[in-house]
Structures are given as structure tokens and as C-alpha cells.
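Let me begin by presenting the structure, written as C-alpha cells, before commenting on it.
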Amino acid sequence: MEKRDELYRGKAKSVFKTDDSDYLVLEFRDDTSAFDGKRIEQLDRKGRVNNQFNAFIMVKLAEAGVETHFEKMLSPTECLVKCMNMIPLECVVRNRAAGSLCRRLGIDEGAELAPATFELFLKNDELGDPMVNESHAETFDWASSEQIEEMRSITYRVNDVLKKLFDAGNMILVDYKLEFGIFHGRIVLGDEFSPDGCRLWDKDTMEKLDKDRFRQGLGNVIESYEAVGQRLGMEFV
Ligand code: UDP
């Protein structure tokens with residue numbers, strides 16, 4: 001597979017065409033953004049850590065029967081993925097209250113949420129990724145009701161798999177965000193799963209091990225991502 005021109009440069013990843021129109025190369029950069037791109041910094045080793053973290057999780061999800069866009073790792077910072085038509089929605093599942101849920105509804109941080117909630121946000125930095133619902137998605141043609149139902153069902157399936165995985169590493173999967181695309185008519189999990197897009201707390205100390213370390217200026221951001229990976233059995237190069 002030959003890597004060709006850059007197609008798109010996102011906040012933390014760049015996307016390149018390949019000589020096969022069905023596949024793209026994702027390059028994970030060291031750029032780290034928060035607050036809808038209002039704060040951007042470079043964090044040494046972040047690109048390689050997130051690429052390898054994502055590869056490990058995508059393989060685990062595929063083994064559990066979740067179809068993902070991930071094909072294979074190409075280098076410490078790059079992977080090959082399916083070229084999809086991305087649905088402009090973020091699917092968020094929460095097992096515990098944190099972040100915007102606490103701000104919006106006045107719920108105490110850490111409250112257990114049973115059943116886990118499922119929320120949709122529009123991917124739009126200028127608007128601050130507003131929360132939307134299924135009716136908006138249908139009216140504005142972002143996704144059909146059937147597609148939303150499928151995204152919800154896959155997102156909960158991912159929750160079953162990953163809650164157990166992180167629990168085995170003595171961590172709580174507090175919440176996470178997934179994005180989906182359409183590949184040959186099927187809804188397929190895309191984007192990435194890394195500590196940039198989820199919240200993970202140590203089960204004993206409740207220490208934050210994810211991107212909140214960056215958002216809240218707690219330090220040791222990438223060291224913490226690596227420690228999470230090592231607890232799950234990852235070996236970073
Ligand atoms: N999230 C994300 N990208 C976004 C917004 C949220 O990856 O643009 C993740 C975030 O890291 C957390 C979950 O989705 O794991 C829920 O985020 P929340 O709605 O609480 O927003 P925040 O507090 O991060 O603004």
C-alpha cells in the first residue's frame with residue numbers, strides 16, 4: 001500500500017490517501033487539543049502512544065465481533081484504515097458522571113449511572129460540539145433512525161467489552177466517545193479509542209489517568225497514558 005497526498009489534517013491526526021481508494025493512512029501527531037481546539041500543545045511521544053493504544057483496543061474489539069475501520073499498524077505513528085463516509089456525530093456512553101454531564105445536570109462527579117447513558121453530539125468545533133438528539137439527526141440528514149439505533153447498539157457492545165478490559169487493569173471506564181462511518185453500506189466503528197477520548201480512573205485511588213490530566217493541568221499526561229496501556233499488557237515502542 002502506497003501512502004499518497006494528505007487528504008485532511010485534523011486536530012491530532014492527519015489522513016492520507018493511498019493507491020487503493022478503499023483505504024487511508026492515519027498518522028497520529030503529538031498535537032494535543034482541548035476545549036474544541038482552543039488550546040493546542042505538543043506532547044512528546046503522544047502520537048506513537050495513541051496509535052499503539054488505539055491499535056491494541058481496535059484488535060480487542062474486532063476479536064469481540066465489533067467491525068472497525070482498523071486494518072493494521074504501519075509504523076509507530078501510523079495505521080491503515082478503511083476509507084469511510086463519516087457520520088458527523090459523536091456517540092458518548094457514560095458509566096459514571098463526569099465532565100459536561102455534571103455541568104449540565106448538576107450531578108456529582110463519580111455518581112454511578114445505571115443504565116449507562118447514551119448521548120449524541122454534533123461534530124462542530126465552531127458551535128462547541130452541541131448535544132443533539134435523534135430527531136435532529138434525521139431532520140438534518142446526519143444519520144437515519146436505523147443508523148442511530150445501530151450506533152447505539154455497537155456503542156453499548158463496546159462498553160461491555162471495554163468495561164471488563166479496564167476493570168481487569170484495576171481501572172474504571174467512566175465515559176468515552178465513539179465515531180462511526182459507512183463502509184460499503186455498513187455502519188463501522190471509526191476514528192480512535194485512546195485516553196484522549198475517554199475517562200479512566202484508578203479503581204483504588206480514583207486518580208484521573210486520561211486527557212483530563214491535560215485539560216486540568218495535572219501533568220504527566222503521556223506517562224499516564226503509557227501506564228494505562230502497560231496495565232492492559234501493551235508494550236510501546
Ligand atoms: N470527548 C471527546 N471529544 C469531544 C468531546 C468529548 O473525545 O469532542 C470525550 C471525553 O474525553 C469524555 C467523553 O467524550 O471521555 C464525554 O465528554 P464530555 O461530554 O463530558 O465533555 P467534556 O467534559 O470533555 O467537555
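Both counts, for ligands and for their atoms, begin at 1 and track the order of listing.
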Checklist outcome for this item: among protein heavy atoms, the one nearest atom 12 (C) of ligand 1 is Asp175 OD1, 3.3 Å
Next on the checklist: At less than 4.0 angstrom from any non-hydrogen atom of Asp129, what atoms of ligand 1 do you find?
Outcome noted: 8 (O)
Checklist entry - Between atom CG of Leu7 and atom NZ of Lys17, what is the distance when rounded to the nearest 0.5 Å? => result 6.0 Å
Item to check | Quiz item: cation-pi between Arg39 and Phe214, 6.0 Å / 45° | outcome: yes
Next on the checklist: Just to check, does Glu119 reach to within less than 4.0 Å of ligand 1 when the distance is taken from its heavy atoms?
Outcome noted: no
Next on the checklist: Nearest 0.5 Å, please: how far is CG in Leu165 from NZ in Lys60?
Outcome noted: 6.5 Å
Item to check | Glu207 bridged to Arg213 by N-O distance under 4.0 Å | outcome: yes
Item to check | Contact atoms of ligand 1, heavy-atom distance to Gly197 under 4.0 Å | outcome: 7 (O), 9 (C), 11 (O), 15 (O)
Item to check | Distance filter under 4.0 Å to Gly99 heavy atoms, resulting ligand 1 atoms | outcome: 20 (O), 23 (O)
Checklist entry - When you look at Leu189 and Met58, which way does the side-chain contact (heavy atoms from CB on, under 4.5 Å) test go after all the steps? => result CA-CA 9 Å; Leu189 177 62; Met58 289 285 170; 4.2 Å; yes
Next on the checklist: A quick test of your reading: do over 12 heavy atoms of other residues, nucleotides or ligands sit less than 6.0 Å from CG of Asp108?
Outcome noted: no
Checklist entry - Can you tell me how far the SG atom of Cys91 sits from the OH atom of Tyr176, to the nearest 0.5 Å? => result 9.5 Å
Checklist entry - At a non-hydrogen distance cut-off of under 4.0 Å, which region of Val174 contacts ligand 1 (side chain, backbone, both, or neither)? => result neither
Item to check | Closest approach of any protein heavy atom to atom 19 (O) of ligand 1, naming residue and atom | outcome: Ser100 OG, 2.5 Å
Item to check | Identified side chain to side chain contact (heavy atoms under 4.5 Å, CB included) partner of Cys198 from the options Leu178, Val92, Leu173, Leu162 | outcome: Leu173
Item to check | Distance-only N or O hit between ligand 1 and Arg94, under 3.5 Å | outcome: yes
Next on the checklist: Taking 4.0 angstrom as the limit and counting only heavy atoms of Cys198, give me the atoms of ligand 1 inside it, by number and element.
Outcome noted: 11 (O), 15 (O)
Checklist entry - Who's the nearest protein heavy-atom neighbour of atom 5 (C) of ligand 1, and how far? => result Glu90 OE1, 3.7 Å
Next on the checklist: Could you check whether any heavy atom of Asp196 sits closer than 4.0 Å to an atom of ligand 1, since that is the contact criterion I want to use?
Outcome noted: yes
Checklist outcome for this item: shortest atom 25 (O) of ligand 1-to-protein heavy-atom contact is with Arg103 NH2, 3.2 Å
Next on the checklist: Which residue and atom name correspond to the protein heavy atom nearest atom 23 (O) of ligand 1, and how close is it?
Outcome noted: Arg199 NH2, 2.8 Å
Checklist entry - Please state which protein non-hydrogen atom is closest to atom 1 (N) of ligand 1 and give its distance, to 0.1 Å? => result Lys177 CB, 3.9 Å
Item to check | Pairs involving residues 61-70, ordered by first then second residue, that meet side chain to side chain donor-acceptor pair (under 3.5 Å) (sequence neighbours left out) | outcome: Glu67-Arg186
Checklist entry - In Å, rounded to the nearest 0.5 Å, how long is the span from CZ of Phe180 to OG1 of Thr155? => result 3.5 Å
Item to check | Nearest non-hydrogen protein atom, atom 10 (C) of ligand 1 | outcome: Arg215 NH2, 3.5 Å
Checklist entry - Under 4.0 Å from any heavy atom of Val92, which atoms of ligand 1 are there? => result 14 (O), 16 (C)
